[in-house]
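This report refers to the structure that appears directly beneath it.
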Amino acid sequence: MTRICIIGAGPAGLLLGHLLRAEGVDCIVLERRSPAYVLSRIRAGVLERGTVALMERLGLDARLKAEGLVHDGFNLADGERLIRIDIADLVGSHVVVYGQTELTRDLMDAREARGLEVVYEAQDVTLHAVESDAPYVTYVKDGVAQRVDARIIVGCDGFHGPSRQTIPASVGRDYGREYPFGWLGILADVPPCNHELIYANHERGFALASQRSLTRSRYYVDVPLTEKLEDWPDERIWDELALRLGPAVAPHITRGPAIEKSIAPLRSHVFTPMRHGSLMLCGDSAHIVPPTGAKGLNLAASDVYYAAEALVAFAKRGDADAVAAYSDKALSRVWKAERFSWSLTRLMHRFPEDGPFERAMQVAELDYIASSRAAQTSIAENYVGLPY
Ligand code: RFL
Ligand code: PHB
């Protein structure tokens with residue numbers, strides 16, 4: 001039997017594991033952290049239709065359907081007005097607000113029933129012989145050395161995991177840039193200030209009003225990377241949000257104690273190729289987007305869709321071409337999502353190097369978007385996710 005070894009049990013690894021198990025493909029997932037640790041990472045909140053469709057296909061969408069909030073639009077704010085992007089009207093679709101934590105929990109909870117083997121707290125995970133047809137992975141569990149022989153290894157181990165680093169520098173290329181700011185996020189059990197998301201470009205900086213449910217809000221402000229979390233007591237974040245979201249929104253902000261606060265750096269990276277020998281990469285292990293377009297988790301889902309398709313063809317029919325074609329197929333969608341995330345980041349943040357010209361360009365672009373259905377349609381089409 002063709003065994004697939006998946007490294008990392010974040011959303012990419014678990015989703016891929018379930019898709020393979022649903023087709024009867026033998027696989028094992030190795031995760032460095034504990035289930036509780038994985039669930040404690042507060043990250044994405046917006047699901048594209050394709051991500052929702054994958055959960056539906058697995059029959060793991062009961063909670064998502066019951067608790068996910070369907071959003072037919074979102075807003076760009078420029079300090080004075082709200083520009084509503086009516087995604088339902090413009091492209092006949094929607095996004096679903098459902099936390100990455102919840103999606104991961106649903107995938108985790110279904111492990112046993114679906115026969116998906118996940119080894120948590122696997123230490124020193126190391127990939128071997130990825131350029132051969134007989135790669136293997138070694139790790140240590142409870143102090144005992146273990147080895148998994150596989151036909152294909154899939155790296156779903158995030159931006160800092162070991163898989164990508166196994167690809168030799170002579171083969172791999174990293175296209176990337178770091179941004180001079182990070183997002184300071186606050187999660188609180190208070191009702192959202194608006195029924196839809198608001199991305200604001202204010203002279204004091206960027207702000208995002210997001211949510212996890214009707215009683216749980218998620219907000220962000222951008223801060224220089226030199227800022228320390230301890231210099232941002234809750235009240236300072238709430239004050240800053242009120243200023244940046246503007247006078248029309250501020251009165252609707254309900255303040256409350258933070259359940260979680262963190263600063264996430266913003267970066268854009270694409271690593272090519274996404275397959276080398278018997279190793280495939282999915283999700284953040286191959287690329288990172290700044291969170292501005294809500295694309296990271298959703299890109300992980302589309303990679304996994306392509307990878308599962310290729311691996312099922314390979315495991316069931318011995319079709320090696322499908323595996324060979326994976327990188328180009330996945331990258332074609334990845335680059336477009338990278339472009340969208342980068343351009344929305346450029347439009348909605350004040351960069352330290354920007355002068356009056358760059359600012360005027362932002363104002364002109366926001367003006368254009370406000371007045372053009374074509375411009376709004378392009379944004380909406382990208383926001384709900386390009387087809388795959
Ligand atoms: P993950 O989630 O990082 O999971 C990788 C897993 O691999 C494990 N791992 C290892 N396992 C074994 N051995 C090792 N040596 C290992 N090293 C690492 C890790 O413990 C982990 O469990 O990657 P994955 O699965 O590719 O998923 C990607 C998403 O998590 C990420 O793209 C999103 O969270 C990005 N993102 C957003 N995406 C969206 O689609 N919509 C959003 O609204 C959105 N908002 C966000 C975000 C990311 C953020 N941060 C903090 C980066 C908001 C924020 C603030
Ligand atoms: C979130 O709710 O965490 C979130 C929403 C939209 C984004 C990024 C993050 O673009």
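On a predicted model such as this, the values are computed, not experimentally measured, just so you know. Note that ligands are numbered from 1 as they come in the structure, with each ligand's atoms numbered from 1 the same way.
A parallel orientation is assigned to the rings of Y136 and H128, their planes being inclined by less than 30° (bins at 30° and 60°). Classification of the F206-W183 ring pair by plane angle, with boundaries at 30° and 60°, yields parallel.
Environment of CZ in R173: sparse, with no more than 12 heavy atoms of neighbouring residues, nucleotides or ligands closer than 6.0 Å. Residue E230 places its CD atom among more than 12 non-hydrogen atoms of other residues, nucleotides or ligands, all under 6.0 Å distant.
Judged by the 6.0 Å and 45° rule, R177 forms a cation-pi pair with Y179. Cation-pi geometry between R57 and Y305 is not satisfied (NZ or CZ under 6.0 Å from the ring centre, within 45° of the ring normal). For the pair K295 and Y383, the distance from NZ or CZ to the six-membered ring centre is under 6.0 Å and the angle to the ring normal is within 45 degrees. For the pair R33 and Y120, the cation does not sit on the ring face, since its NZ or CZ is not both under 6.0 Å from the ring centre and inside 45° of the axis.
Of the heavy atoms in W183, only side-chain atoms (C-beta onward) come closer than 4.0 Å to ligand 2. At a heavy-atom distance under 4.0 Å, only backbone atoms of R43 (N, CA, C or O) approach ligand 2. Of the heavy atoms in L197, only side-chain atoms (C-beta onward) come closer than 4.0 Å to ligand 2.
We find that D26 and R151 are not joined by a salt bridge, their nearest charged nitrogen and carboxylate oxygen being 4.0 Å or further apart. Note on R111 versus D109: no salt bridge recorded, every NZ/NE/NH1/NH2 to OD/OE distance being 4.0 Å or above.
Looking at G45, A209, S210, it is S210 that brings a heavy atom closest to atom 2 (O) of ligand 2. The heavy atom nearest to atom 8 (C) of ligand 2, considering only G185, P290, P291, S217, is found in P291.
The closest approach between K295 and ligand 2 stays at or above 4.0 Å for every heavy atom of the residue. Heavy atoms of I42 come nearer than 4.0 angstrom to ligand 2 in no pair at all.
Counting only heavy atoms of the protein, atom 9 (C) of ligand 2 lies nearest to Y220 CE1, 3.7 Å. Protein heavy atom in closest approach to atom 6 (C) of ligand 2: Y199 OH, 3.3 Å.
Taking a cut-off of under 4.0 Å to the non-hydrogen atoms of V46, the atoms of ligand 2 that pass are 5 (C), 6 (C). Remark: ligand 2 atoms within the under-4.0 Å shell around heavy atoms of A294 are 6 (C), 7 (C), 10 (O). Residue-ligand proximity, T292 to ligand 2, at heavy-atom distances under 4.0 Å covers atoms 10 (O).
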Which N/O atoms of ligand 1 sit under 3.5 Å from a protein N/O, and at what distances?
residue	atom	partner	partner atom	Å
ligand 1	2 (O)	R43	NH1	3.0
ligand 1	3 (O)	R43	NH1	2.9
ligand 1	11 (N)	R32	N	3.1
ligand 1	20 (O)	E31	OE2	2.6
ligand 1	20 (O)	R41	NH1	3.3
ligand 1	22 (O)	E31	OE1	2.7
ligand 1	22 (O)	E31	OE2	3.3
ligand 1	22 (O)	R41	NH2	2.6
ligand 1	25 (O)	P11	N	3.4
ligand 1	25 (O)	A12	N	2.9
ligand 1	26 (O)	D284	N	2.9
ligand 1	30 (O)	R43	NH1	3.2
ligand 1	30 (O)	Q100	NE2	2.8
ligand 1	32 (O)	D284	OD1	2.7
ligand 1	32 (O)	D284	OD2	3.3
ligand 1	32 (O)	G296	O	3.4
ligand 1	32 (O)	L297	N	3.3
ligand 1	34 (O)	Q100	OE1	2.7
ligand 1	38 (N)	G296	N	3.2
ligand 1	38 (N)	L297	N	2.9
ligand 1	40 (O)	A294	O	3.0
ligand 1	40 (O)	G296	N	3.2
ligand 1	40 (O)	L297	N	2.7
ligand 1	40 (O)	N298	N	3.2
ligand 1	40 (O)	N298	ND2	3.1
ligand 1	41 (N)	A294	O	3.2
ligand 1	43 (O)	G45	N	3.1

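Ring-centre distance between F159 and H287: not below the 6.0 Å cut-off.
Clustering of Ile, Leu, Val, Met, Phe, Trp and Tyr by side-chain heavy atoms under 4.5 Å joins I263 with L82, L184, I186, V190, I198, Y219, V221, V223, L229, W232, I237, W238, L241, L245, V249, I253.
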